[in-house]
Structures are given as C-alpha cells and as structure tokens.
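Beneath this line is the structure, given in structure tokens, with notes to follow.
Start at 1 with the first residue, then count along the sequence.
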Amino acid sequence: MKIKFLIAAVLSSFIFNTYLQAQQISDQERNVIQMRQLNAHLCKGWNTWNTNSVLSHVLLPEGFAINVQLVNHQKGDTLKEALIGREDYGTKEHVVPGPHCYDGSYTDLTVEWQHINVRVQSAAEKNDLFLLITPVNFSNMDSLIIDPQMLWGRKGKIKMSDGIIIANTPSGEIRIKVAGGNYSTSDTRIIFSLDHDIALSTDKSKSAADIESIMKVSEKKFTAEKSKYKEASEEYNAMQTVLAWNTVYDPANNRLLTPVSRNWCVGWQGWVLFEWDNYFAAYMLSLDNKDLAYSNAIAITKEITKRGFVPNFGSSKNKSEDRSEPPVGSLIVNEIYKKYHEKWFLKEVFDELLSWNRWWANNRDINGYLCWGSDPYVYGKISPFLIKGIGTKKGAQWESGLDNSPMWDDAVFDSTRHRLMQADVGLMSLYITDCQSLSEIANALGKTAIVKELTQRADKYSKKLRTLWDDQFGLYLNKNLITGKFSYRLSPTLFYPLLVKVPTHKQAERMIKEHFYNPQEFWGQFIMPSITRNDPAFKDNKYWRGRIWAPMDFLVYLGMRNYQLPNARKDMVEKSKNLLLKSWLGEHHIYENYNATSGEGNDSGMSDPFYHWGALLGFIDIMDKGYVPAPELPLEAKN
C-alpha cells in the first residue's frame, strides 16, 4: 500500500511538474507572440524612422525612404542629413522641431542651413504619404533635392518617370507623384527650385492645394489630441515632441527605440541606450503611448549582461560589461503596469529584473552597505574612451550615472575589489525602491517565495540606510567605509530616502527645512543643483559639478509625494517646470542639463540640446496635475 501511495505521489509530482513546465513554455510562447504583435503594430507606415536624419521619411516594413536635401550651389555645399540640436550656424543646420505624432500621421519642422530656410510638413495614413515643403528664405542659386533610397539593405528597385518616383518592393509597387513645384529629374532624384511650394503625394489624385488642406486638418487633429493635457499643455508639448522626434527604427531587430537623442546614436554609429535614461523615457511614454513604453522598457532590460545586470549602456556595437547604473527599472516597470495591467509585460522582463536585483546585493555590498563599482573583464573591440573606465575609479563613477560628481573626489577606490569605498545613500535608496517595486511585481505574478526574499532584502538595507542619518546635521549622508566618517559633499541623491519612506515625518521636515530650502545649498531661482552652491566644485558648472539634472529633481519629487510636504512639493513642481520652459519656449530645445544660476542649457558645451530626460522637469508637473496617478500616502504622513 505504501509503495502504491509512493508511486502515485511520484507520478502526481511528475505530472504536476510537467504541467508547470508546459505552462511555462506556453507563457514564453505567448510572450513571443505578444512581442511580434507589438513590433508589427509599431514598425509600419511612414515616419521619420531614419536615425541619421529628421528629413528622411521612411515606409516600414519596406525601408523605402524619401530623403529631403538642401543645396547651396554658390558654395557647392549639400545638406544631406539633418539632426535637431546640431548647432553651428556657419556650417551645420539649425532644426526647430514642431509637432510630431508618434505614428507619423503628422510631422512639422523648420530647418535653417547657411542662408536657406524651409518648413517641412508631412502627413501619413496607412501607406499614403503627403509631403509639403514651404520655402521661407532662399536665393535663386539654391535648390532642394528629393533623393529616394532603399535603406538597411531592404530589397527594392527605384526608378523615375516624369515626376513620379516608382519603388518596386517585395510587398508591391509604391508611387510618389510631384503635385507642386518647379522641378527637373535625373535617373535617381528630383531637383526642385525654391521659388514655389513643393508638394508630393502617393495619391495621384491630390493637388498641391489638397495636400496643403491635408496638413491643416492633420495639424488640427494633433492639436485636439493634445488638448486633454491642457492644464500642463506646454510641458506635455515639450515632452511629447522630444520623445517623438527621438524615436527611431532598429532594422537589425525590427523594433522601435527612443534613445536619449539622435546625436548620441549617430556618434555611436547605430543606436545606443543608456539604462536609467531609457527607463525614464519609457515612463514618460507610458502617459499616452503604451506600446512605445513597453518597447523601450523591454529593450533596455533585454540588454542584460551574461553576469546578470542591466548595463550602463547597450548599443548596436557593444555594451558595458563592467558596470550597471542606478537601479530604477523595477520602479518604472511597476508604475507602467499599474496603468495598463498587462501581466505579459511583467513576465517579459521579470527574470532579468530579478537577476539584476540579486546582482547588486551579491556584487556591490560592503559590510551591509551598497557602493558603486566597476569590474574588470576581457573585452573585444571597444572605444578607447570606454576602456579607460573598465575596472577603475572612473568606471565606478560612471556606474553611479553621476560621472564627475564632486561626491567622488575624495572617495577611495579599492583596486582589489574594484569598489568605491563609500556607502552611497542614493544607491541604497534606489535599491530598496527596486526591492519594493519588484516585490509588488512578484506578488502580481503569484511568486510568493520571491516576494518574501525581496521584502527581507528591502528590510535589511532599510535598516542600514537608517544608520546614515546624521541627526546633528539633519540629513542622510554618504559614509567613508575606511574611516567610518560621513561625507559632507551634498547632492540631491541624499534626499532619495524619501522614496522608500525610511525617514520619519519629522526627519523629512528637517531635510526640507534645513537643506532643500537652504540658499547656500539647494534653494534658488532654479533647483536642484547636482552639488550644493557652497561646494567648491559648484563654480565648475560642468556636467555633474553644479548643474541641474532633471532625473535628480524627478526622483526627489517622487520622494516628496510620500509625505505631507505641500510647500516643498509645490515649489519643486513650479521651479522644475519654469526651468524646462525657459529654453523650450525660447528655443524649442530640451537640454541634458542646465546652469543652476542662469537656467541656461547651452552655456557649458556638455549638454545635448535635445535630450529626452530633460523633459522629466515637465513630467513632474504633468504628474502633479493628476494625469499620472499618485501613490497612496503612508499612514504616518497622513497624520
């Protein structure tokens, strides 16, 4: 009887495990199908998919491109490609980005190059493209070229026939007809004079007047769509514009990406994603474009290394195998899930997020504290600039995402363990946030054992974080792990404990009163500087040495929402918004970082002019106005 029972138990266990395995395979298969459907939905139709030029309109999946180029015959110069933020009025173009629907149904920009100025508008519906180019300033010696191409090695043949571009592709024939303008044709392109408006269309029945009407209707539709965010209209406009214009196509993997800027991608000869930058992009995109939010969050998560961490960067060439970056992935994924409640999305990234979470505790823990590091590895072909960072203090600083922060000036780098021997308040706070967020994700997926594991880790590091409170100074401080002494090089990262509700409400009030509102430290017309105003390095005004960075403001704001700090929260919202709009309204630029005294973005030479995470300064206001749900306040904060 016992033998029969034992056999039955074994068979039952085998059948149950087989079922679980089949269920797991089924989940994987379903996710593969979901990803194919996601990419198929995103990667279609006409849009500005070509990374190298915002003047290139491409039809997917065919890869058939209509490239707009400008020619100054007097100088013999041709502008073959144009990017936003590549500013040098003598030789480079100046592009002013206008509206851009995510799906390419309407785009609008002006480009100034040398003395030529034209407005380029497009409208698209399914496989139909309408292009209207309006010359604003030019000479009789100038012209505009329409240069059709098949991109990315896609099959197809292009020919010209009396003002008609004909592309024969595997999916069929595509015809684009000149509907307006004075032109001549060659075997490979159409050359227009700039003395008339230029119009092209895939619909041969449309005249130039029809195309002009189509543009007005398309612009009106886009404006109406944006009106739902009317209480934060310019902030939304800035954020949506930088995200849409920076969304490009990755032909090798048939997916859409939203890198920090096209300029960075061109510099990397393909595409490049930076870890926390692109998670933040996914969060912003989740406001009104679920599919792009998913695509970007999944893309950066899938860059996970063989050692099990999401790297500092992943690119079409290589990735950083020595270092990660601030762990915000689970936080962002969880917030996106709370809006759309699609578990396949969680399943697609959960294993990688869990591996990454465990990696921090196993590889960056020194006596219960977390610190930044950079691990040596055998690398192949990689940029000489990047090689300098591998296994060094520089690499550890890069892992922090705050590359040249003065916080690291006096920190000791252990060249044996390859760690910055400094307990980091910001890292520990973000890691606890990661544990808490990933625990919520695990709970949603029914992974109770992992919930317990993550909760225990969050509790462990929360206890250690509390030991970094300096009651006399009224702030959490980084600590030298060799001398045991606190560091008083102050950064907004020291406010990140607010994210995980570790400070008591009294402590939070002290942090705000004594430091946030301290004009010698963080307070001012523009906030929050990446190092205090009374720090000797503030005057450097170079990158993370004194300049304002949107992700810092954003993370501090998220922490403020956990407490009853209405004045500080209001001031953070208003001052962040005003900083963004200062350059957006004047220049239509969104900077990588800003001067903490003047609010300028273009004064340091190390601030990309069209970098999407700068828009977090406006996303703060969008969230605060209720367009993004706020978290439930803890009982202590309510009281």
Side-chain angles (χ1 to χ4, degrees), residues 46-58 63 65-72 77-102 104 107-122 131 133 136 144-147 149 151-152 238-251 256-274 277-278 281 296 313 315-317 583-584 586-593 601-602 604-615:
W46 290 96
N47 211 324
T48 56
W49 306 121
N50 184 358
T51 303
N52 296 323
S53 181
V54 292
L55 296 179
S56 180
H57 297 264
V58 189
I66 297 297
N67 301 312
V68 178
Q69 303 176 350
L70 299 176
V71 183
N72 181 339
D77 293 343
T78 301
L79 178 66
K80 294 184 177 181
E81 297 173 335
L83 293 175
I84 301 166
R86 196 159 60 176
E87 312 296 331
D88 181 346
Y89 289 90
T91 58
K92 298 292 184 182
E93 70 279 9
H94 172 57
V95 178
V96 180
H100 190 312
C101 294
Y102 287 120
T107 75
D108 186 0
L109 62 77
T110 59
V111 56
E112 301 172 26
W113 173 70
Q114 297 184 6
H115 60 269
I116 303 173
N117 186 342
V118 298
R119 181 184 183 186
V120 181
Q121 296 169 276
S122 73
L131 198 60
I133 301 166
V136 178
L144 182 145
I145 292 173
I146 298 296
D147 179 31
Q149 290 181 316
L151 299 182
W152 311 307
M239 184 182 79
Q240 192 277 334
T241 300
V242 72
L243 290 168
W245 279 111
N246 280 329
T247 295
V248 297
Y249 179 61
D250 171 18
L256 297 191
L257 303 172
T258 310
V260 292
S261 78
R262 291 174 184 248
N263 288 309
W264 275 89
C265 289
V266 170
W268 285 62
Q269 300 178 334
W271 54 266
V272 60
L273 302 179
F274 295 103
D277 312 57
N278 272 85
N296 279 280
F313 72 86
S315 74
S316 52
K317 306 293 183 184
S583 56
W584 171 252
E587 312 165 27
H588 267 217
H589 282 166
I590 296 174
Y591 286 98
E592 182 181 4
N593 52 77
N602 61 351
S604 74
M606 293 184 69
S607 181
D608 187 291
F610 207 60
Y611 197 103
H612 60 45
W613 82 2

- Is there a side-chain contact between Gln240 and Tyr102, using heavy atoms and a 4.5 Å cut-off? yes
- Message: Whether the Tyr611 and Asp277 side chains hold a donor-acceptor pair (N or O, under 3.5 Å, no angle test) is what I'd like checked.
- Response: yes
- Task: Answer whether the closest heavy-atom distance between the side chains of Leu109 and Ile84 falls below 4.5 Å.
- Result: no
- Query: Is the side chain of His588 donor-acceptor paired with the backbone N or O of Pro97 at a distance under 3.5 Å, no angle test?
  - Reply: yes
- Taking it one step at a time, do Asn52 and Arg262 satisfy side chain to side chain contact (heavy atoms under 4.5 Å, CB included)? CA-CA 7 Å; Asn52 296 323; Arg262 291 174 184 248; over 6 Å; no
- For the atom pair CD (Gln114) and CD (Glu93), what is the distance rounded to the nearest 0.5 Å? 10.5 Å
- Message: Please determine whether side chain to side chain contact (heavy atoms under 4.5 Å, CB included) holds for the pair Ile66 and Trp46, giving the CA-CA distance in whole Å, both sets of side-chain angles, and the decisive distance to 0.1 Å.
- Response: CA-CA 10 Å; Ile66 297 297; Trp46 290 96; 4.1 Å; yes
- So do the side chains of Asp608 and Val260 get within less than 4.5 Å of each other, counting heavy atoms only? no
- Message: Quick check for you: to the nearest 0.5 Å, what is the distance between Asn263 atom CG and Glu592 atom CD?
- Response: 10.5 Å
- Heavy-atom side-chain contact between Tyr249 and Leu256 under 4.5 Å: yes
- Query: With under 30° as parallel and over 60° as perpendicular, where do the rings of Trp264 and Trp268 fit, or are they tilted in between?
  - Reply: tilted
- Leu55 side, atom CG; Ile145 side, atom CD1 - distance, nearest 0.5 Å: 12.5 Å
- Query: Are any of the side-chain heavy atoms of Pro259 and Val248 separated by less than 4.5 Å?
  - Reply: yes
- Side chain to side chain, Ile590 and Trp584, heavy atoms closer than 4.5 Å: yes
- Assess the pair His100 and Trp245: is the distance between their ring centroids shorter than 6.0 Å? yes
- Thr48 and His57: CA distance, side-chain angles, deciding distance, side chain to side chain contact (heavy atoms under 4.5 Å, CB included) verdict: CA-CA 5 Å; Thr48 56; His57 297 264; 4.1 Å; yes
- Item | Trp49 side-chain N/O to Val58 backbone N/O, donor-acceptor pair under 3.5 Å | yes
- Any donor-acceptor pair under 3.5 Å from Asn296 side chain to Thr258 backbone: yes
- Message: Using side-chain heavy atoms (C-beta onward) and a distance below 4.5 Å, is Val118 in contact with Trp113?
- Response: no
- Message: Side chains of Val120 and Leu131, heavy atoms from C-beta outward: is any pair under 4.5 Å?
- Response: yes
- Note on the structure: For Val95 and Ala82, the nearest pair of non-hydrogen atoms, with its separation, is CG2-CB, 4.1 Å
- Message: Between Asn593 (side chain only) and Met606 (backbone N and O only), is there a donor and an acceptor less than 3.5 Å apart?
- Response: yes
- Message: With a 3.5 Å distance limit and no angle check, can you tell me whether Thr78 reaches the backbone of Lys80 through a side-chain donor-acceptor pair?
- Response: no
- Backbone N/O of Pro99 and side chain of Thr241: donor-acceptor pair under 3.5 Å: no
- Message: For the CG atom of Leu257 and the CG atom of Asn278, what is their distance to the nearest 0.5 Å?
- Response: 7.5 Å
- Kindly determine whether Val68 and Val111 satisfy side chain to side chain contact (heavy atoms under 4.5 Å, CB included), including the steps that lead there. CA-CA 11 Å; Val68 178; Val111 56; over 6 Å; no
- Query: Atom CG in Asn67, atom OG in Ser56: separation rounded to 0.5 Å?
  - Reply: 4.0 Å
- If you take all heavy atoms of Ser53 and Glu81, which pair is closest and at what distance? OG-CA, 3.6 Å
- Gap separating the NE2 atom of His94 from the CG atom of Asn117, nearest 0.5 angstrom: 9.0 Å
- Would you check if there is a donor-acceptor pair between the side chains of Asn246 and Ser261 at a distance under 3.5 Å? no
